[in-house]
There are 2 protein chains.
Amino acid sequence: MSGATVGKLKAAQRIQSAAKDLFYRQGIRATGVEEVCRVAEATKMSLYRTYPSKDALIAAILSEDACEWDSWFAEVTAAAPSARGKLEAVVMAMAAKLADPEYRGCPMLLAQAEFPDPEHPTHQLVARFKARVCDCLSDLAREAGAAEPEMLGDMLGMMVDGAWASLPHLGGARAAETLRKGAETLFRSALPDDS
Amino acid sequence: MSGATVGKLKAAQRIQSAAKDLFYRQGIRATGVEEVCRVAEATKMSLYRTYPSKDALIAAILSEDACEWDSWFAEVTAAAPSARGKLEAVVMAMAAKLADPEYRGCPMLLAQAEFPDPEHPTHQLVARFKARVCDCLSDLAREAGAAEPEMLGDMLGMMVDGAWASLPHLGGARAAETLRKGAETLFRSALPDDS
DNA sequence: ATAATAAGTTACCGAACGGTATCATCAAGG
DNA sequence: CCTTGATGATACCGTTCGGTAACTTATTAT
């Protein structure tokens, strides 16, 4: 069974991984399923045996992205001793990602922009994810003693999204520096000195 | 001549205006030229007589958007007496736009997200525009006495882009409030008290 | 009035789209 | 061995895509 399962997963995994990469680099709508299969070295039938539609494939990829963010967030905040330290660690890790030339924007945000209709499942999936990110930041802000933790969480989330969006015209290094300085300013203003 | 010109412009204008609306609400790639012509009550031939390609139509719309932003910026800043007042006026006007339920994001940012390839003309056009916006903000920041005007301009631009991106999950009212508070914090930290 | 120009009409092009059907292949498990 | 399940291969479906050709109809400036 494990062999068969590995075999099956191998096909689906290749497809999902290739699609993730192509969707990110070229755009989702700009990438056809045939190209995905060609790059994945698989056939269209393998794709449609696992995913009932292209939309389902998109949803699977975004869900995976969301899960990976959870791991990333947990890992990044684990080391810091205080809530404020965790917030600062998140900002620093984000800045590091921005400076990585491989990144050209937040995959979730890009996907959302390709489906502007608020009723579209993809649009809503991203909105829920972003709301959860803001919640995580707000929780840390509350723990760090912010007077208005939700507001600080939203402001941070806004700044982070803005950093992704600024990447094309600011460049990675400058976007990272701007995010660090901006977040630091917000922290100094909204968090108690002793935190 | 004016009559003929008006007639010609009328067709092209209808097409461009319909395309602008459809591209914004449905996405550029998701909207076909036939649909644009149907809504514009024009024919495909009229479109291709004025614009050599769909890409040219996109470029024309984005250029128009950029021009409209120039006017908007000039109008919004005209009333304020000081440079700092102009900056605050821009933020307030942006917040008002965010609260308008008709807006669902920055058209330029949405367009850029649909063409992730940094080499694509549309992507670059938006990048140049955003850089110019940051420059305008930096100029005001310098005039207002900021120690690091470019940094403040970039931070503001980042915050504004983030506000657009946050619209789907924060909603207009909360996005507007978050932007106002965030910008105010940046101002208090980066501008002298007497400005 | 007439020549010129803009716009509409209709039909078409090749290509790519998302998605499906049929059948062959091939590896592993009983 | 031989069945079973996953994968590959290939051809095909109807639709839509961006874009063009040929021709007719209005408007309008001289």
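Just so it is clear, the values below take in all heavy atoms, side chains as well, and ignore hydrogens, waters and symmetry mates. All chains are named by letter (A, B, ...) in the order of the sequence lines, taking the proteins before the strands, and each is independently numbered beginning at 1.
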Is [X] reaching over with its side chain to a backbone N or O of [Y], donor-acceptor style, under 3.5 angstrom?
| X | Y | result |
| --- | --- | --- |
| A/T178 | A/R174 | yes |
| A/R84 | A/G145 | no |
| A/Q112 | A/T122 | no |
| A/R104 | A/L167 | no |
| A/K130 | A/G157 | no |

Which whole-number value in Å describes the distance from [X] [atom1] to [N] [atom2]?
| X | N | atom1 | atom2 | value |
| --- | --- | --- | --- | --- |
| B/L57 | D/dG19 | CG | C1' | 14 Å |
| B/Y51 | C/dA6 | OH | C1' | 14 Å |
| B/I15 | D/dG18 | CD1 | P | 14 Å |
| A/K44 | C/dC23 | NZ | P | 19 Å |
| A/I58 | C/dC17 | CD1 | P | 14 Å |
| B/L22 | D/dC17 | CG | C1' | 16 Å |
| B/L47 | D/dG19 | CG | P | 9 Å |

Which nucleotide wins on minimum distance to the side chain of [X], given the candidates [options]?
| X | options | result |
| --- | --- | --- |
| A/V33 | C/dG18, C/dC12, D/dG8 | C/dG18 |
| A/M45 | C/dA21, C/dA7, C/dC17 | C/dA21 |
| B/E34 | D/dC17, C/dA7, C/dT20 | D/dC17 |
| B/Y48 | D/dG8, D/dT20, C/dA7 | D/dT20 |

If each of A/R29 and B/E41 is mapped to the nucleotide of DNA chain C with the nearest heavy atom, which maps nearer the 5' terminus, i.e. the 5' end?
B/E41
For B/S53 and A/A42, take the nucleotide of DNA chain D holding the closest heavy atom to each; which residue's nucleotide lies nearer the 5' end?
A/A42
Quick one: the side chain of B/R49 and the base of C/dA7, do they pair up donor-acceptor inside 3.5 Å?
yes
Respond yes when some side-chain nitrogen or oxygen of B/R38 is under 4.0 Å from OP1 or OP2 of C/dG8, and no when none is.
no
Sugar-phosphate, base or nothing in reach of B/S46, heavy atoms under 4.0 Å:
sugar-phosphate
